[in-house]
Amino acid sequence: AMLRLRLLTWDVKDTLLRLRRPVGESYAAEAALHGVHVQPEALTRSFREAYGAQSHHFPNYGRGWGLSSRQWWVDVVKQTFRLSGVQEDGVLTLMAESLYQDFCSASNWELLPGAGETLSRCCQRGFRMGVISNFDNRLEEILSHCNLRHHFEFVLTSEEAGFAKPDKRIFQKALRLTGVPPEVVAHVGDDYTRDYRAARAVGMHAFLLQGTGRSAEPEVPPEHILPTLSHLLTLIEK
């Protein structure tokens, strides 16, 4: 029987949008503008370390720790460069502020295959749509610059909600925003724990976008797996 869905909620990063190039390449290009030469691969490794440590100490972009998400990111960028051997504080600040702005623009992001077309078709079929994303408050701007914002009634970030997926409260907040019961909602995302399992835990339907090279989760029935976004409407209308 066809699912009687009224609302679709979407993860963004690696579901609808992905980085055009590794973080280290963007950071190395910014550094080169300041006459600083660092290997992109080294910066990518340093970024993982800096981001991991910052997320551990100050989860959800420092929300509840007295940090703005902007300051949270500026610290991550500076630490990334420090771990790669760049110590000069003046240039660190300039690069960090510049990169924070750059990642708001469309220049660092690209749509995943089928994203634009699938969102348009879902809108045409009359689904209400929203975003539930572990992201900071730049997300509205990024979605606007990538020409996706108009598809969504709401954009709920973990920074705004105060809770990050898989915490059920971010999903419950989205349901309250729309007044739609969970059994007529489906969430689409690429992360088994944060998207698929978390949405199902609050009674929503869920579809798991299969990232490249990622093995299928054994607990996910094949009719919930999206090889690409273009498969979504076929599965919903089965």
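Note: hydrogens, waters and symmetry copies are ignored here, and every other heavy atom, side chains too, is used. Just so it is clear, the model here is predicted, and its values are computed rather than measured.
Proximity of His187 to His205: side-chain heavy atoms (C-beta onward) are nowhere separated by under 4.5 Å. Between Leu111 and Leu16 there is no side-chain heavy-atom pair separated by less than 4.5 Å. Leu226 is listed as a side-chain neighbour of Val188, based on a closest heavy-atom distance under 4.5 Å. Side chains of Leu119 and Trp10 form a contact here, defined as non-hydrogen atoms less than 4.5 Å apart. Contact check for Asp195 versus Asp190: side-chain heavy atoms found under the 4.5 Å cut-off. Looking at Arg138 and Trp73, their side chains come closer than 4.5 Å, going by heavy atoms from C-beta outward. Counting heavy atoms from C-beta outward, Cys122 and Leu233 have side chains that approach closer than 4.5 Å. Ser120 has its side chain within reach of His151: a pair of non-hydrogen atoms, C-beta onward, lies under 4.5 Å apart.
Checked by atom type and distance alone, the side chain of Asp136 never pairs as donor or acceptor with a backbone atom of Ser69 at under 3.5 Å. Using modelled atom types, one side-chain atom of Glu88 and one backbone atom of Gly90 make a donor-acceptor pair closer than 3.5 Å. Side chain of Asn134 to backbone of Ser158: no donor-acceptor contact under 3.5 angstrom is found. Thr15 places no side-chain N or O within donor-acceptor distance of the main-chain N or O of Gly189, the cut-off being under 3.5 Å.
Within a 6.0 Å sphere centred on CZ of Arg48, other residues, nucleotides and ligands contribute 12 heavy atoms or fewer. The number of heavy-atom neighbours closer than 6.0 Å to NE2 of His150, taken from other residues, nucleotides and ligands shown, is above 12.
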Pair Arg20, Trp109 - check side-chain contact (heavy atoms from CB on, under 4.5 Å), show working.
CA-CA 5 Å; Arg20 284 183 193 271; Trp109 300 96; 5.6 Å; no
With side-chain contact (heavy atoms from CB on, under 4.5 Å) as the test, would you mind laying out the steps for Leu5 and Ile236 before giving the verdict?
CA-CA 8 Å; Leu5 298 175; Ile236 288 177; 4.0 Å; yes
Would you please test Glu97 and Arg70 for salt bridge (Lys or Arg N to Asp or Glu O under 4.0 Å) and show each step?
CA-CA 9 Å; Glu97 296 286 348; Arg70 184 194 185 101; 2.6 Å; yes
Carefully, step by step, assess Leu156 and Ile170 under the rule side-chain contact (heavy atoms from CB on, under 4.5 Å).
CA-CA 8 Å; Leu156 184 60; Ile170 191 170; 3.8 Å; yes
Checking Gln54 against Tyr61 for the side-chain contact (heavy atoms from CB on, under 4.5 Å) test, could you report, in this order, the C-alpha distance in whole Å, the side-chain angles of both residues, the deciding distance, and whether it holds?
CA-CA 8 Å; Gln54 185 82 322; Tyr61 310 105; over 6 Å; no
Walk me through it: do Lys165 and Asp11 pass the test salt bridge (Lys or Arg N to Asp or Glu O under 4.0 Å)?
CA-CA 10 Å; Lys165 300 179 297 188; Asp11 172 54; 2.9 Å; yes
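Nearest heavy-atom pair, Met95 versus Ala31, reported as atom, atom and distance to 0.1 Å: SD-CA, 3.5 Å. Closest approach of Ala42 to Ser84, counting heavy atoms only: O-OG, 3.6 Å. Closest heavy-atom contact between Ala50 and Thr80: CB-OG1, 3.5 Å.
Follow the hydrophobic side-chain contacts under 4.5 Å out from Phe171 and you never reach Leu139; the two are in separate clusters. Val185 and Val131 fall into different hydrophobic clusters, where Ile, Leu, Val, Met, Phe, Trp and Tyr residues are linked whenever their side-chain heavy atoms come under 4.5 Å apart, directly or through other members. Note on Phe127: it does not cluster hydrophobically with Ile132, by side-chain heavy-atom contacts below 4.5 Å among ILVMFWY residues. Hydrophobic clustering of Ile, Leu, Val, Met, Phe, Trp and Tyr side chains at less than 4.5 Å, counting indirect connections, unites Phe152 with Leu17. Residue Tyr27 is grouped with residue Val91 when hydrophobic side chains (ILVMFWY) are merged at heavy-atom distances under 4.5 angstrom, including chains of intermediate members.
For the residue pair His231 / Thr234, no side-chain donor-acceptor distance below 3.5 Å is found, with atom types taken as modelled. Between Ser105 and His145, the side chains place no donor N or O within less than 3.5 Å of an acceptor N or O (distance only, hydrogens not considered). Side-chain atoms of Gln79 and Asp75 form no donor-acceptor pair, as typed in the model, at a separation below 3.5 Å. Checking Ser133 against Lys13 by side-chain atom types alone, no donor-acceptor pair falls below 3.5 Å.
A salt bridge is absent between Arg197 and Glu219; no separation between the charged side-chain nitrogens and carboxylate oxygens falls under 4.0 Å. Using a cutoff of 4.0 Å between basic side-chain nitrogens and carboxylate oxygens, Arg4 and Glu183 are not scored as salt-bridged.
Interatomic distance, Arg21 CZ to Thr44 OG1, rounded to the nearest 0.5 Å: 10.5 Å. The CD atom of Gln172 lies 12.5 Å from the CG atom of Leu177; values are rounded to the nearest 0.5 Å. Note that the CG atom of Leu208 and the CG atom of Asp191 stand 8.0 Å from one another [nearest 0.5 Å]. For the atom pair CG of Asn137 and CZ of Arg63, the computed distance is 10.5 Å after rounding to the nearest 0.5 Å. Arg176 CZ to Arg169 CZ: the interatomic distance, rounded to the nearest 0.5 Å, is 10.5 Å. Here OG of Ser46 is found 12.0 Å from CZ of Arg82. Values are rounded to the nearest 0.5 Å.
Residues that satisfy the side chain to side chain donor-acceptor pair (under 3.5 Å) test with Glu153, not counting sequence neighbours, are Arg128. Applying the side chain to side chain donor-acceptor pair (under 3.5 Å) criterion to Thr118, with sequence neighbours excluded, gives no partner residue.
For His224 and Tyr196, the distance between ring centers is under 6.0 angstrom. Under the 6.0 Å cut-off for aromatic ring centres, Tyr100 and Trp72 do not qualify, their centroids lying 6.0 Å or more apart.
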